Amino acid sequence: MGIRDRFSAVQLSSFDYCRKFINTYDPTIPSAVAVPLAAWSAGILSSTLSAPFDVVKTRMMAEGVTVSTLPKMIRGMVAKEGVQVFWRGAFMAWLRLGPYSFVQLSVWHTLNERR
């Protein structure tokens, strides 16, 4: 399972969870509001949860790290820059993925409802 697959799994499952949560919290919210809100939330969650994988992958590629030295590299990152290093660039990813998820999942949900 690649990084893209994990991202899609997180995105779809968080969309489904957020949509159900919104409908449970306030059933009077119309679908035209609940679905885009859940899609936007899914974009935020998926970019936040996938950011550490992207940071580690980027560092591995930049530094030429092999899998055998990966734990040493991760410990070094945390020791030098703290745990927040894993979310470096997450805001920019969210700015890209938030609107993308908003459109993609809203359209996907609308097309699935029409079947």
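None of these values were measured; they are calculated from a predicted model.
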**Message:** If hydrophobic clusters are built by linking Ile, Leu, Val, Met, Phe, Trp and Tyr wherever their side-chain heavy atoms come under 4.5 Å apart, do Leu105 and Leu111 end up in the same one?
**Reply:** no
**Message:** When you measure from the side chain of Ser101 to the backbone of Gly98, do you find a donor-acceptor pair of N or O atoms at a distance under 3.5 Å?
**Reply:** no
**Message:** Using every non-hydrogen atom in the two residues, find where Pro36 and Ser31 come nearest and quote the distance to one decimal.
**Reply:** CD-O, 3.8 Å
**Item:** Same apolar cluster (I L V M F W Y, side chains within < 4.5 Å links), Val85/Val56
**Value:** yes
**Fill in**
Rounded to the nearest 0.5 Å, the CZ atom of Arg59 sits from the CG atom of Asp54 at a distance of 13.0 Å
**Item:** Spatial distance of atom CZ (Phe91) from atom CZ (Arg96) [nearest 0.5 Å]
**Value:** 13.5 Å
**Request:** Examine distances only and state if a side-chain atom of Ser106 and a backbone atom of Val103 form a donor-acceptor pair shorter than 3.5 Å.
**Result:** no
**Message:** Could you see if Trp87 belongs to whatever hydrophobic cluster contains Leu45? Use Ile, Leu, Val, Met, Phe, Trp, Tyr and a side-chain cutoff under 4.5 Å.
**Reply:** no
**Message:** Just verifying a value: how many Å separate Ser47 OG and Tyr100 OH, rounded to the nearest 0.5 Å?
**Reply:** 13.0 Å
**Asked** Can you name the nearest heavy-atom pair linking Phe15 to Val35, along with the distance?
**Response** CE1-O, 3.7 Å
**Over all atoms of both residues, closest heavy-atom pair of Arg19 and Ala38** = N-CB, 3.5 Å
**Message:** In the structure I gave you, are the side-chain heavy atoms of Met73 and Met77 within less than 4.5 Å of one another anywhere?
**Reply:** yes
**Asked** Ile44 and Met92: same hydrophobic cluster, using ILVMFWY side-chain contacts below 4.5 Å?
**Response** yes
**Asked** Under a single-linkage rule joining Ile, Leu, Val, Met, Phe, Trp and Tyr whose side-chain heavy atoms are separated by less than 4.5 Å, which residues share a cluster with Leu37?
**Response** Ile22, Ile29, Val33
**Side chain to side chain, Ser14 and Leu49, heavy atoms closer than 4.5 Å** = no
**Request:** Nearest 0.5 Å please: distance from the CG atom of Leu12 over to the CD atom of Gln104.
**Result:** 7.0 Å
**Complete:** Sequence neighbours excluded, the answer for ring-ring contact (aromatic ring centres under 6.0 Å, His included) partners of Phe102 is Trp40
**Asked** Is the side chain of Trp94 donor-acceptor paired with the backbone N or O of Thr48 at a distance under 3.5 Å, no angle test?
**Response** no
